[in-house]
Amino acid sequence: MIEPSPLLEKRVLVPRGENQAKPFSQLVENYGGIPVEIPLIAFRPIESNQCLQACLKDLDTYDWIIFTSNVTVETFFSFLPNRRLPKIAVIGKKTAEGLDAKGLTAEFVPSAFVAETFVEEFLPIVHPGLRVLIPKGNLARDYIAASLRNAGAIVDEVVIYETFMPKENRMKLASMLAEKQLDILLFTSPSTVDNFMSVVNDFELREKLTGCLIGCIGPVTEQKLLSYGLPVHVSPEEYTVKEMIKSTIAYIEREEL
């Protein structure tokens, strides 16, 4: 007899946007859980501006371009579909896969998918005067840019998309939390945590989080959860949704022993 998955009938928050939620939800379903898609972040390209146009015009003057997410890749190519790029560095498997889909290859991928590891492993490449372009979202950290500048690189950051929480999802999340309809809360970025807690605080739902299993990807997201005084039950060493879900299952199995 096949034993049921530990995720069976557990309702799992899927906080990603519409275009990214499907693979996440499929993994939850594969392990017997019930995905509840409530996008806590969405993305929209910025209006073209002088800074963006200047960077695109001077693209051939850069030695490297750094993409930190697949959203950055997709948005960047919406502005510039047919231009040759400098050497490409990325953070994350999904980002590299997004490039592969466009017939491009990342020449540098760090061993772990966080900015700190990226900087540590990329610095040996850096020399004074190296020119680097970093397309980013409006809420992205400047850790990579600041670290490379300290090593002598000339770094231009350009905001190419805005991050926001769809208004309709605030009420949906508030309703489900109020009725205790979420069992597992999984977060994929600090922004998802901030937007989640904005709803929790605005609707005074803190006590409704009691009993929820909370997991995340990456140390920055973990620190964001801790800054709100929330427990972090799951934080896998490999920063992928698949590992987060597998670690969630392992946690549940340990608790049931």
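Heavy-atom basis, side chains included; hydrogens, waters and symmetry copies ignored.
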Would Arg11 and Asp183 pass as an ion pair if we require N to O under 4.0 Å? yes

Would you mind checking if Lys180 and Glu207 are paired as a salt bridge, meaning a charged N to carboxylate O distance below 4.0 Å? no

Using a 3.5 Å distance criterion without hydrogens, assess whether the side chain of [X] forms a donor-acceptor pair with backbone atoms of [Y].
X	Y	result
Ser247	Glu243	yes
Ser175	Lys172	no
Glu157	Ala145	no
Lys94	Thr240	no
His233	Gly215	no

Closest contact, heavy atoms only, [X] versus [Y]:
X	Y	value
Ile66	Pro135	O-CD, 3.2 Å
Val241	Thr188	CG2-CG2, 4.4 Å
Glu222	Ser235	OE1-OG, 3.0 Å
Ser111	Thr117	OG-CG2, 3.8 Å

Between [atom1] on residue [X] and [atom2] on residue [Y], distance to nearest 0.5 Å:
X	Y	atom1	atom2	value
Met165	Leu40	CE	CG	5.0 Å
Cys51	Ile46	SG	CD1	8.0 Å
Ile34	Ile184	CD1	CD1	10.5 Å
Phe187	Ile217	CZ	CD1	12.0 Å
Phe76	Leu85	CZ	CG	5.5 Å
Leu27	Thr248	CG	OG1	11.0 Å

For Glu179, look at atom CD and say whether over 12 heavy atoms of other residues, nucleotides or ligands are found less than 6.0 Å away. yes

Near Glu9 CD, under 6.0 Å, is it more than 12 heavy atoms from other residues, nucleotides or ligands? no

Path from [X] to [Y] over hydrophobic side-chain contacts below 4.5 Å:
X	Y	value
Phe122	Tyr62	yes
Val12	Leu182	no
Ile252	Leu13	no
Val36	Val28	no
Leu148	Phe67	yes

Check the pair Arg170, Asp202 against side-chain contact (heavy atoms from CB on, under 4.5 Å), reporting the backbone distance first and the verdict last. CA-CA 10 Å; Arg170 288 179 57 83; Asp202 288 350; 2.7 Å; yes

Once the angle between the rings of Phe108 and Phe118 is folded into 0 to 90°, is it parallel (under 30°), tilted (30 to 60°) or perpendicular (over 60°)? perpendicular

Lys22 vs Glu29, salt bridge (Lys or Arg N to Asp or Glu O under 4.0 Å): CA-CA, chis, key distance, verdict: CA-CA 10 Å; Lys22 187 175 180 180; Glu29 290 177 347; over 6 Å; no

Paired with Arg131, the side-chain hydrogen bond (donor to acceptor under 3.5 Å, both in side chains) test is passed by just one of Asp58, Thr61, Asp63, namely Thr61

